[in-house]
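These notes concern the structure reproduced below.
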Amino acid sequence: MSQEIQLYETYQATKRGLSEQEEALIATERKVHELAEATYKDLRLILHSFSEPQEAFDYGRIMISRLEENLSTELRHQRKKIQLDLEDNEQVYRKKLAQLD
């Protein structure tokens, strides 16, 4: 196998792995949002069934919202890191390819 082909296959494998990681993070972020929405609904039903005041729901909603935001921020940070790794992978590939010439 030529060095060029081997280099390309390594580049593609790394790119594929990073893209899969990014897709998993996107799916996780979507799931976090869905779980937060479901939790809001459950919290409202539970508190309503116990005739709790609106303030109890508001407090719970704020806490859930903070957790959701913290998780989303961390997931966005991880996605940004993956995007930078993808760019780095591309640059390394092009640099090594140019060295072959």
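Predicted model only: the values in this text are computed from it and were never measured.
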Quiz item: Measuring from I26:CD1 to R76:CZ, what's the distance to the nearest 0.5 Å?
Solution: 12.5 Å
Quiz prompt | From L75 atom CG to K80 atom NZ, the distance as rounded to the nearest 0.5 Å | solution = 15.5 Å
Quiz item: CD of E69 to CZ of R66: how many Å apart, nearest 0.5 Å?
Solution: 11.5 Å
Practice problem: Working to the nearest 0.5 Å, report the span between OG1 of T14 and CG of N89. | Solution: 4.5 Å
Self-check item: Side-chain heavy atoms of K96 within contact of Y8, under 4.5 Å
Solution: no
Exercise. Tell me, with the steps shown, if E22 and K15 meet salt bridge (Lys or Arg N to Asp or Glu O under 4.0 Å).
Key: CA-CA 10 Å; E22 185 176 26; K15 181 179 177 182; over 6 Å; no
Quiz item: Heavy-atom count around E4 CD within 6.0 Å, excluding the residue itself: above 12?
Solution: no
Quiz item: So, S19 and R16: side-chain donor and acceptor under 3.5 Å apart, yes or no?
Solution: no
Less than 3.5 Å apart, which donor and acceptor atoms pair up between the side chains of residues 50-61 and the rest of the protein, not counting sequence neighbours?
unit_1 : atom_1 : unit_2 : atom_2 : d
Q54    : NE2    : D58    : OD1    : 2.9

Quiz prompt | Gap between atom CG of L35 and atom CG of L67 - 0.5 Å precision | solution = 12.0 Å
Exercise. Indicate the atoms forming the closest heavy-atom contact of L100 with Q3, along with that distance.
Key: CD2-OE1, 3.1 Å
Exercise. Might you point out which heavy atoms bring I82 and L18 nearest each other, and give the distance in Å?
Key: CG2-O, 3.4 Å
Quiz prompt | Stepwise side-chain hydrogen bond (donor to acceptor under 3.5 Å, both in side chains) check, E87 with Q83 | solution = CA-CA 6 Å; E87 290 173 13; Q83 290 169 356; over 6 Å; no
Quiz prompt | Derivation and outcome, side chain to side chain contact (heavy atoms under 4.5 Å, CB included), residues Q21 and R79 | solution = CA-CA 8 Å; Q21 289 177 26; R79 282 183 60 204; over 6 Å; no
Exercise. For L97 and L7, work out which heavy atoms get closest and say how close.
Key: N-CD2, 3.5 Å
Quiz item: For atom CZ of R94, is the number of surrounding heavy atoms from other residues, nucleotides or ligands below 6.0 Å larger than 12?
Solution: no
Quiz item: Do the side chains of L86 and L25 join up, straight or via other hydrophobic residues, at under 4.5 Å, putting them in one cluster?
Solution: yes
Quiz item: Q12 and Y93: side-chain donor and acceptor closer than 3.5 Å?
Solution: no
